[in-house]
Amino acid sequence: MPNLIQPVRGTQDYYPEEMAVRTWLYAKMREVSEAFGYEEYDGPFLERFELYAAKSGAELVEKQSYVFEDRGGEKVALRPELTPTLARMVAARQRQLSYPLRWWSFGPFWRYERPQKGRSREFFQWNIDLIGEDSPEADAELAAVAAGFLRSVGLRPNEAQVLVNNRQLMQTELEALGIPAARHKDVFGLIDRKDKMAAAAWAEYGKELGLGGGELAGIEKLISDQDLWKKSPTLPRFFEAVAAHSASDYVSYGPHIIRGLDYYTGTVFEAWDTAGEFRAIFGGGRYNDLVNAVGGEPVPAVGFAVGNVVISLMLRALGRLPELQAGAPVYVTIFGEEQMTASLALAAELRAAGVQVASHLNADKLQKQFKQADRLGAQVVLVLGPEELAQKQVSLKDLRSGEQRSLPRAELLAELQRILAAA
RNA sequence: GUGGAUGUAGCUCAAUGGCAGAGCACCGCAUUGUGGAUGCGGUGGUUGCGGGUUCGACUCCCGUCAUCCACCCCA
């Protein structure tokens with residue numbers, strides 16, 4: 001073992017068991033996206049470095065991106081997020097596209113960070129965006145998609161919540177506290193850290209930013225005001241639309257939600273497990289200046305991104321992952337060398353009829369063959385021995401009930417389909 | 001990038017300077033036409049890697065790699 005070449009730090013091997021989870025999540029994302037009329041797209045995994053220099057946060061670009069020169073001397077980056085690619089793609093065909101765009105994507109991303117629980121260097125992300133519409137109803141549609149996703153993976157409203165706030169509301173309120181716009185970015189950073197720091201350290205950080213005691217107290221009061229949304233010109237409409245989507249049980253107001261990224265311009269939201277044991281499940285919001293930033297004309301947009309790592313950890317911890325069966329439900333044994341050909345032909349015949357069948361590859365003891373079938377997760381084992389062949393029958397054992405019987409070859413397919421449909 | 005903890009059988013973990021072990025898993029037999037249960041037996045280790053101290057190192061020291069945790073940042 002010590003001589004094994006180790007995988008790259010922060011990457012994950014997807015053995016069939018993990019791959020089944022990833023594929024299942026992908027299917028759920030697709031299901032919810034398509035239910036709302038969103039279309040799948042993708043961009044390159046490699047982008048010019050300048051794309052991110054133009055818009056992503058400084059930390060993300062300078063410290064967390066995989067950046068290198070290709071053989072032609074081009075400075076390229078493995079994509080650390082999808083939104084700049086999306087903005088670039090929209091800008092490139094700005095006049096030919098029909099708005100609003102409803103687009104979604106699922107794929108790999110890379111960030112050079114110190115790996116820990118819920119954070120790896122290579123991860124998968126679902127991105128979903130609504131482009132070309134600037135309204136509370138557009139924001140609410142994304143919140144409804146988010147709620148639909150949480151529901152479809154089996155998380156309940158008391159386990160996961162989408163928390164929503166609005167940056168413009170917060171800016172208005174900060175100005176009312178006498179904090180000028182130039183300092184809002186710093187204050188947003190301060191608010192973003194409220195839950196992550198001890199009270200004293202947080203107050204100290206506020207002082208370093210030049211905030212007086214009164215201002216700090218005002219901010220603290222602001223971000224604990226659960227009714228603050230009522231003062232917003234858009235959030236009441238947002239919540240009304242969310243209610244119309246029957247998504248209210250998953251979506252609530254969070255006055256402390258502000259998001260770390262600079263490019264959000266309006267509504268922002270994050271999903272959290274209510275127990276607070278994990279990192280944020282996903283985050284997103286409205287970004288109206290982004291297409292503009294990559295050289296297009298301004299287009300309003302709202303979207304969010306869900307990583308596969310945290311949600312998988314959470315579903316596993318809650319025991320909410322379904323039993324995923326990757327192997328074939330039917331297993332054909334090889335009774336002996338003499339029956340090899342007939343058995344392989346039986347398997348082929350069933351496959352041609354649309355049944356998923358794995359067959360044993362040699363004439364091992366039947367005990368071993370049954371054991372393998374069981375481990376591979378087969379539901380039904382077929383035996384074609386000398387007696388069955390002589391009588392043109394097949395023995396069929398249902399591994400769940402343990403029942404076994406022989407039946408005429410002509411009746412096999414219908415019986416298999418009946419058993420598999422019941423399972 | 002900063003600080004801390006941990007690396008022993010496939011997995012979970014014992015052994016604290018003196019013969020490297022247990023449970024589970026795996027393989028075999030009981031069971032030459034049948035999985036899951038039970039009993040009995042068996043395979044499996046350069047103690048992450050490299051160096052040092054010592055008569056002797058899983059144990060102590062240094063380095064390195066990896067994993068985990070907290071920062072940072074964020075999915």
Side-chain angles (χ1 to χ4, degrees), chain A residues 1-12 15 25 29 56-65 79-83 106-128 146 189 192-193 196-198 201 205 258-262 264 269-272 277-284 303-314 331-336 339 360 363-389 394-406:
Chain A
M1 287 324 237
N3 292 329
L4 274 183
I5 292 173
Q6 291 178 327
V8 173
R9 188 176 192 191
T11 60
Q12 190 194 346
Y15 287 84
L25 276 175
M29 291 160 180
S56 296
E59 174 91 10
L60 193 59
V61 179
E62 291 160 22
K63 295 186 176 173
Q64 299 181 354
S65 291
R79 61 182 189 184
E81 58 167 336
L82 189 61
T83 310
F106 179 78
F109 296 86
W110 295 265
R111 289 184 195 176
Y112 192 84
E113 295 183 282
R114 201 103 149 215
Q116 52 185 270
K117 192 197 288 187
R119 190 177 75 180
S120 52
R121 289 183 171 182
E122 179 179 70
F123 57 95
F124 286 75
Q125 212 179 56
W126 173 37
N127 281 262
I128 182 162
D192 194 43
R193 281 168 183 74
K196 301 166 187 168
M197 300 174 76
Y205 183 39
I258 204 76
R259 305 285 305 147
L261 291 175
D262 295 338
Y264 292 114
F269 46 87
E270 291 177 357
W272 287 88
E277 286 176 32
F278 300 90
R279 295 163 177 280
I281 303 168
F282 58 77
F304 65 87
V306 186
N308 67 327
V309 181
V310 174
I311 188 84
S312 299
L313 282 174
M314 190 176 164
Y331 198 84
V332 175
T333 56
I334 307 292
F335 187 89
Q339 292 78 25
H360 205 76
D364 278 331
K365 292 171 67 173
L366 277 187
Q367 178 177 262
K368 191 170 176 183
Q369 299 195 40
F370 269 81
K371 195 166 193 169
Q372 257 181 48
D374 187 42
R375 277 192 203 149
L376 290 169
Q379 294 166 46
V380 175
V381 176
L382 302 180
V383 180
L384 205 54
E387 290 174 27
E388 287 86 353
L389 279 169
V394 176
S395 284
L396 179 157
K397 182 165 185 176
D398 185 329
L399 288 189
R400 294 190 177 168
S401 65
E403 288 171 18
Q404 174 170 334
R405 62 207 175 84
S406 293

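Below, read A as the first sequence line, B as the second, and so on, with proteins coming before strands; counting in each chain starts at 1. Here the structure is a predicted model, which means the values were calculated and not measured.
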Does a distance-only test, which skips hydrogens and angles, find a donor-acceptor pair under 3.5 Å between the side chain of [X] and the base of [N]?
X: K371(A); N: rG36(B); result: no
X: E113(A); N: rA75(B); result: yes
X: R375(A); N: rG36(B); result: no

[X] side-chain proximity, nearest of [options]:
X: R119(A); options: rG35(B), rC73(B), rU32(B); value: rC73(B)
X: L399(A); options: rA75(B), rC73(B), rG35(B); value: rG35(B)
X: Q116(A); options: rC69(B), rA75(B), rG33(B); value: rC69(B)
X: K368(A); options: rU2(B), rG28(B), rG35(B); value: rG28(B)

Legend entry - Short side-chain N/O contact from R259(A) to OP1 or OP2 of rA75(B), under 4.0 Å: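 Checking rA75(B) against R259(A), a side-chain N or O does come within under 4.0 Å of OP1 or OP2.
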Legend entry - N or O in side chain of Q367(A) less than 4.0 angstrom from rU31(B) OP1/OP2: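 For rU31(B), OP1/OP2 do not have a side-chain N/O of Q367(A) under 4.0 Å.
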Restricting to ring pair (Phe, Tyr, Trp, His ring centres under 6.0 Å), what partner residues turn up for [X], sequence neighbours left out?
X: F124(A); result: Y14(A), F106(A)
X: F123(A); result: none
X: Y264(A); result: none

What's the gap between [N] and [M] when it is taken at their [atom1] atoms, as a whole Å value?
N: rC24(B); M: rU34(B); atom1: P; result: 26 Å
N: rC11(B); M: rC71(B); atom1: C1'; result: 32 Å
N: rG51(B); M: rC58(B); atom1: P; result: 14 Å
N: rU8(B); M: rA14(B); atom1: P; result: 10 Å

Partners of [X] by side chain to side chain contact (heavy atoms under 4.5 Å, CB included), sequence neighbours excluded?
X: Q367(A); result: K365(A)
X: Q339(A); result: F335(A), S343(A), P386(A), L389(A)
X: A280(A); result: W272(A)
X: D364(A); result: H360(A), N362(A), K368(A), Q369(A)

Taking any heavy-atom pair under 4.0 Å as a contact, classify [X]: base, sugar-phosphate, or nothing.
X: I281(A); result: sugar-phosphate
X: E122(A); result: nothing
X: V383(A); result: base
X: Q372(A); result: nothing
X: Q404(A); result: base

Inset, instruction - Could you check K365(A) against R400(A) and say which one's nearest nucleotide on RNA chain B is further toward the 5' end? - result: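 The answer here is K365(A).
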Check: protein-nucleotides 64-66 of chain B nitrogen or oxygen pairs below 3.5 Å:
unit_1	atom_1	unit_2	atom_2	d
rC65(B)	O2'	Q6(A)	OE1	3.1

Legend entry - Any donor-acceptor N or O pair under 3.5 Å, side chains N127(A), Q125(A):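 Present: a donor and an acceptor within the cut-off.
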Expected rows: protein N/O vs nucleotides 42-44 of chain B N/O, under 3.5 Å:
none

Inset, instruction - Could you check whether F109(A) and the base of rA75(B) form a stacked pair, meaning centres closer than 5.5 Å and planes differing by less than 30°? - result: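 So no, this residue does not stack on that base, at least one cut-off failing.
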Legend entry - Contacts of R405(A) that satisfy salt bridge (Lys or Arg N to Asp or Glu O under 4.0 Å) - sequence neighbours left out: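 R405(A) satisfies salt bridge (Lys or Arg N to Asp or Glu O under 4.0 Å) with E415(A) once adjacent residues are dropped.
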Legend entry - Qualifying residues under salt bridge (Lys or Arg N to Asp or Glu O under 4.0 Å), relative to R119(A), sequence neighbours excluded: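 Applying salt bridge (Lys or Arg N to Asp or Glu O under 4.0 Å) to R119(A) gives E113(A).
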Inset, instruction - Starting at the 5' end of RNA chain B, write a dot or bracket for each base, bracketing those in Watson-Crick or G-U wobble pairs whose two distances are under 3.5 Å and using | for partners on another strand. - result: (((((((..((((....[..)))).(((((.......))))).....(((((..]....))))))))))))....
